[in-house]
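Every value quoted in this text rests on a predicted model; they were computed, and no experiment measured them.
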Amino acid sequence: MIRALKVLAIALLGLALGIGLAWLTRGQPPAPNPGGADDAAAVGDPRPDFRHAALDGSAVEAADFDGRPLLVNFWATWCAPCIREMPLLDAFAAEQSERLSVVGIAIDDPAAVGSFVDRLGVDYPILVGAAGAVEVMDTQRRYGNAQGLLPYTVLVAADGTIAWQHLGEVERHHLEDEVLPLIE
């Protein structure tokens, strides 16, 4: 009995050390465009153009947002971190509405996006690929995410250059510490 308890204690200690080591050495999400595609924008590059359909069917272009900062968020209905960050992005869009535009670009089936956004209560514009997800994935790649991972968020400065790229879930500290100083 004592021997079994010692073995169990050693196993638990080993498990705890393993979890601790994994936590301390965990990697961050890969940087946007690590190897890159030839036409993938990086920070400092001019923003690529896009033309996608809004949920009401109207066409929206990147140039429609020229002259003020634009936060572009690529997401999908099946992406859990995307869904978690959308209420935060919606609140940020409302808080910063006087000086920042926010747009979500869904890499998803357009039919599924409208009802999903209604249920979630997101008020910033949501775009979809009129020709499907491949069209939006091309936009995402040109905005610097050659891997096509989600979620992916880009800040375009008022002068039309890429100011910030973030691969992975956006959290409040990213918006406060990294985005806000770039739009002030």
Cut-off 3.5 Å, no hydrogens considered: what does the side-chain donor-acceptor table look like for residues 109-125, sequence neighbours left out?
| from | atom 1 | to | atom 2 | distance (Å) |
| --- | --- | --- | --- | --- |
| Asp109 | OD1 | Ala111 | N | 3.4 |

Is any NZ, NE, NH1 or NH2 atom of the basic residue among Asp66 and Arg47 found under 4.0 Å from an Asp or Glu carboxylate oxygen of the other?
yes
Side-chain donor or acceptor of His166 paired with backbone N/O of Glu169 under 3.5 Å
yes
Could you tell me which non-hydrogen atom of Pro87 sits nearest to which non-hydrogen atom of Arg84, and how far apart they are?
CD-O, 3.4 Å
Report yes if the side chains of Arg141 and Asp39 come closer than 4.5 Å at any heavy-atom pair, otherwise no.
yes
With a 4.5 Å cut-off on side-chain heavy atoms, are Val103 and Phe65 touching?
yes
Okay, side chain of Asp108, backbone of Thr77: is any donor-acceptor separation there less than 3.5 Å?
yes
For the pair Glu61 (side chain) and Arg51 (backbone), establish whether a donor and an acceptor sit closer than 3.5 Å, ignoring hydrogens and angles.
no
Apply the test side chain to side chain contact (heavy atoms under 4.5 Å, CB included) to residues Gln140 and Tyr152: give CA-CA distance (whole Å), side-chain angles for both, the deciding distance (0.1 Å), then the verdict.
CA-CA 8 Å; Gln140 180 183 218; Tyr152 180 62; 3.7 Å; yes
Check: Pro151 and Cys79 side chains under 4.5 Å, non-hydrogen atoms
yes
Less than 4.5 Å apart, side chain to side chain, heavy atoms only: is that true for Asp49 and Thr139?
no
How close do Arg68 and Leu100 get, counting heavy atoms only, and between which atoms?
NH2-N, 2.7 Å
Side chains of Asn145 and Gln165: any donor to acceptor distance under 3.5 Å?
no
Where the side chain of Asp138 meets the backbone of Glu135, is there a donor-acceptor pair that is under 3.5 Å apart?
no
